[in-house]
Amino acid sequence: MRVMLCVEEALQEVLSHCKRNERMHVPLKDAYGYILASDIHASVSVPPFDRAALDGYAVRAADIEQATPDSPVRLQVIERIGAGQVSTKSVGPGQAIRTMTGAPFPDGADTLVRLEMTSAIGEPEQTHVDVKVAVPCGEAVAREGEDIKSGMCMLRSGITIGGAEMALLATAGIASVPVYRKPVIGILASGRELTDIREPLAYGKIYDSNSYMLAGAVQAWGGIPRLLGRAGDDVDELVQTIQSALPHVDGLVTTGGVSVGDFDVMIDAYRKAGGEVHFWKVSIRPGTPFTFATIEDKPVFGLSGNPAAGFVNAMLFVQPAIRAISGMNEPIVRPVRAFLSGMPEVRAVALDRFLRADVFIKDGTVFAQPRTQGQKAAILSSLTGTQGFVRIPSKTQPQAGDLVDVYLLHMPVSFADGDRV
Ligand SMILES: Nc1nc2c(c(=O)[nH]1)N[C@H]1C(S)=C(S)[C@@H](COP(=O)(O)OP(=O)(O)OC[C@H]3O[C@@H](n4cnc5c(N)ncnc54)[C@H](O)[C@@H]3O)O[C@H]1N2
Ligand code: MOO
Ligand SMILES: [Mg+2]
């Protein structure tokens with residue numbers, strides 16, 4: 001087992017143990033957030049037929065060549081159709097079919113003149129129409145396949161399905177969507193101090209907040225959390241809980257028990273459960289004692305017990321793992337570059353620091369302001385409202401104005417020119 005990997009080495013090791021889940025099908029209405037498991041080819045063209053793009057009259061361009069507002073051309077109206085209706089007649093010389101947006105373009109006509117450029121004649125039957133403008137051939141006609149051509153690849157395997165993708169799948173008449181099964185991530189909190197949130201708190205104890213922090217994060221990253229509750233600091237109890245949970249999950253996240261204390265027994269438990277520990281410690285702060293193992297071929301993430309340290313561990317390693325198991329083509333979440341708008345005093349250490357920061361866009365440029373308070377690994381309250389983590393490379397002390405990497409949790413707030421920041 002190697003000690004103290006850097007983030008990138010640790011991430012490679014983690015991802016090398018994350019296999020994509022198997023495929024399944026979901027009804028289109030439930031497909032949001034899944035990763036597509038096949039290329040999707042269009043089975044029909046969209047639109048499937050030439051159709052009117054405006055409300056108006058389908059006519060022959062040659063008939064209205066001379067039309068002007070002062071000298072309109074009168075045509076005979078032989079039919080009226082709306083979207084979903086098909087004309088039964090063909091437009092001959094001197095004729096028009098009143099045609100609404102979305103209706104299949106009538107035979108015989110070669111262009112469409114919009115309603116506003118016409119006057120209907122002969123109330124209430126409207127047997128004729130005066131056309132006040134000449135229009136070229138093909139005006140306001142949406143051609144078959146203008147949007148999607150039958151047979152073309154509309155969506156590639158590995159993309160995330162959102163609203164636009166669901167619409168495209170519906171357009172192609174796909175009711176059952178091939179996706180990768182979402183990863184089920186077990187979450188186990190350890191420590192005899194931890195108390196169930198429904199119980200009264202005795203002196204010396206705390207409520208288990210990590211389980212809920214991770215339940216939210218796992219969902220935000222596309223996984224399904226399965227809360228396994230709390231275990232004490234007893235190796236056999238941990239082994240038993242881990243072994244009974246593993247068959248029901250695709251990955252397991254534990255929190256606590258990975259440092260050097262007398263009751264930090266998580267690594268022993270992983271080994272006793274038949275696991276292989278791939279590394280212990282990453283050169284980051286907070287979250288140095290992060291541990292990664294596989295047990296029964298499943299990835300197991302040993303997060304620091306300190307809430308903010310555990311969160312940084314999860315963001316850096318559990319998030320890409322979920323994305324890989326979900327079937328995403330690009331599981332690694334890359335940071336954005338931002339200018340430091342200010343920098344609190346931090347001691348330069350031989351570890352990469354991850355600082356909770358406010359991130360905002362000013363006149364189109366991204367800035368990050370690390371919080372001056374609440375950067376300790378045990379401080380939970382400063383995590384809320386944090387838009388991202390600024391990464392300060394080891395042994396460096398960047399100043400305001402320097403470019404840094406920011407791992408975004410939320411979209412930055414945007415300020416217009418002149419707004420106060
Ligand atoms: N002598 C040393 N002591 C410590 C070192 C070290 O290098 N030498 N490392 C420190 C660092 S850094 C961290 S981070 C922590 C990591 O601790 P563990 O991962 O072993 O976690 P625990 O000891 O179980 O708990 C630490 C802390 O977090 C609280 N905690 C744990 N679980 C939860 C939970 N589910 N919800 C809320 N809070 C939780 C726990 O009560 C402790 O206060 O070790 C340092 N020590
Ligand atoms: O690694 Mo610990 O997370 O600094 O506090
Ligand atoms: Mg400990």
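When a ligand or atom number is given, it counts from 1 through the structure's own listing order.
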- Which residue supplies the protein heavy atom nearest to atom 40 (C) of ligand 1, what is that atom called, and how far is it? Glu193 OE2, 3.0 Å
- Query: In terms of residue, atom name and distance, what is the protein heavy atom nearest to atom 35 (N) of ligand 1?
  - Reply: Asp208 OD1, 2.9 Å
- Note on the structure: Nearest heavy-atom approach of Phe317 to Val7 is CE2-O, 3.8 Å
- Top protein contact for atom 38 (N) of ligand 1, by heavy-atom distance: Ile206 CD1, 3.4 Å
- Checking heavy atoms under 4.0 Å, the part of Val260 that sits near ligand 1 is side chain
- Query: If only atom types and distance count, is the side chain of Glu79 paired as donor or acceptor with the main-chain N or O of Lys89 below 3.5 Å?
  - Reply: yes
- Query: Looking at atom 14 (S) of ligand 1, what's its closest protein heavy atom, distance included?
  - Reply: Asn306 ND2, 3.6 Å
- Note on the structure: Of all protein heavy atoms, the one nearest atom 18 (P) of ligand 1 is Gly257 N, 3.5 Å
- Consider ligand 1: state whether an atom of it lies below 4.0 angstrom from any non-hydrogen atom of Ala377. no
- Would you call the rings of Phe311 and Phe389 parallel, tilted or perpendicular if under 30° counts as parallel and over 60° as perpendicular? parallel
- Asn306 neighbourhood, listing ligand 2 atoms whose heavy-atom distance to it stays under 4.0 Å: 5 (O)
- What's within reach of the Mg ion (ligand 3), meaning protein N/O/S atoms under 2.8 Å? Asp264 OD1, Asp264 OD2
- Message: Using modelled atom types and a 3.5 Å cut-off, is there a donor and acceptor pairing between side-chain atoms of Glu193 and backbone atoms of Lys205?
- Response: no
- Message: Checking the side chain of Asp50 only, and the main-chain atoms of Phe105 only, is there a donor and an acceptor separated by less than 3.5 Å?
- Response: no
- Where is the nearest protein heavy atom to atom 6 (C) of ligand 1: which residue, which atom, and how far? Ser259 OG, 3.7 Å
- Item | CD on Gln240 to NZ on Lys272, rounded to 0.5 Å | 12.0 Å
- Query: Should the pair Phe301 and Phe292 be assigned to parallel (<30°), tilted (30 to 60°) or perpendicular (>60°) ring geometry?
  - Reply: tilted
- Message: For Asp264, which part has a heavy atom under 4.0 Å from ligand 1: side chain, backbone, both, or neither?
- Response: side chain
- Message: Regarding atom 2 (Mo) of ligand 2: of the candidates Ser259, Gly287, Gly305, which has the closest heavy atom?
- Response: Gly287
- Message: Pairs of nitrogen or oxygen atoms closer than 3.5 Å, one from Pro286 and one from ligand 2: do any exist?
- Response: no
- Given Pro289, Ala189, Pro286, Gly305, which has its nearest heavy atom closest to atom 30 (N) of ligand 1? Gly305
- Item | Pro289 touching ligand 2 at heavy-atom level, < 4.0 angstrom | yes
- Message: Does the residue Ser209 have a heavy-atom contact with ligand 1, meaning some pair of atoms that are separated by less than 4.0 Å?
- Response: yes
- Message: Testing Arg181, Lys298, Arg226, Lys19 one by one against Asp250 for a side-chain hydrogen bond (donor to acceptor under 3.5 Å, both in side chains), which residue passes?
- Response: Arg181
- Are more than 12 heavy atoms from other residues, nucleotides or ligands located less than 6.0 Å from atom OH of Tyr32? no
- Query: Which atoms of ligand 2 sit under 4.0 Å from any heavy atom of Ala377?
  - Reply: 3 (O), 5 (O)
- Task: Sort out for me which residue in Arg391, Lys395, Arg285 forms a side-chain hydrogen bond (donor to acceptor under 3.5 Å, both in side chains) with Asp352.
- Result: Arg391
- Query: Does a salt bridge link Asp55 with Arg114, judged by any charged N lying under 4.0 Å from a carboxylate O?
  - Reply: no
- Note on the structure: for atom 34 (C) of ligand 1, nearest protein heavy atom and its distance come out as Asn210 ND2, 3.2 Å
- Message: Nearest 0.5 Å, please: how far is CG in Leu188 from OG in Ser211?
- Response: 7.5 Å
- So the atoms of ligand 2 within less than 4.0 Å of a heavy atom of Ala309 turn out to be 3 (O)
- Note on the structure: Going by the 4.0 angstrom heavy-atom rule, the piece of Thr288 near ligand 2 is both
- Determine, stepwise, if the pair Thr255 / Asn210 fulfils side-chain hydrogen bond (donor to acceptor under 3.5 Å, both in side chains). CA-CA 7 Å; Thr255 81; Asn210 286 352; 3.2 Å; yes
- Task: Please determine, by modelled atom types, if Thr294 and Glu276 share a side-chain donor-acceptor pair under 3.5 angstrom.
- Result: no
- Message: Between Gln375 (side chain only) and Arg371 (backbone N and O only), is there a donor and an acceptor less than 3.5 Å apart?
- Response: yes
- Counting heavy atoms under 4.0 Å, the part of Leu380 that contacts ligand 1 is neither
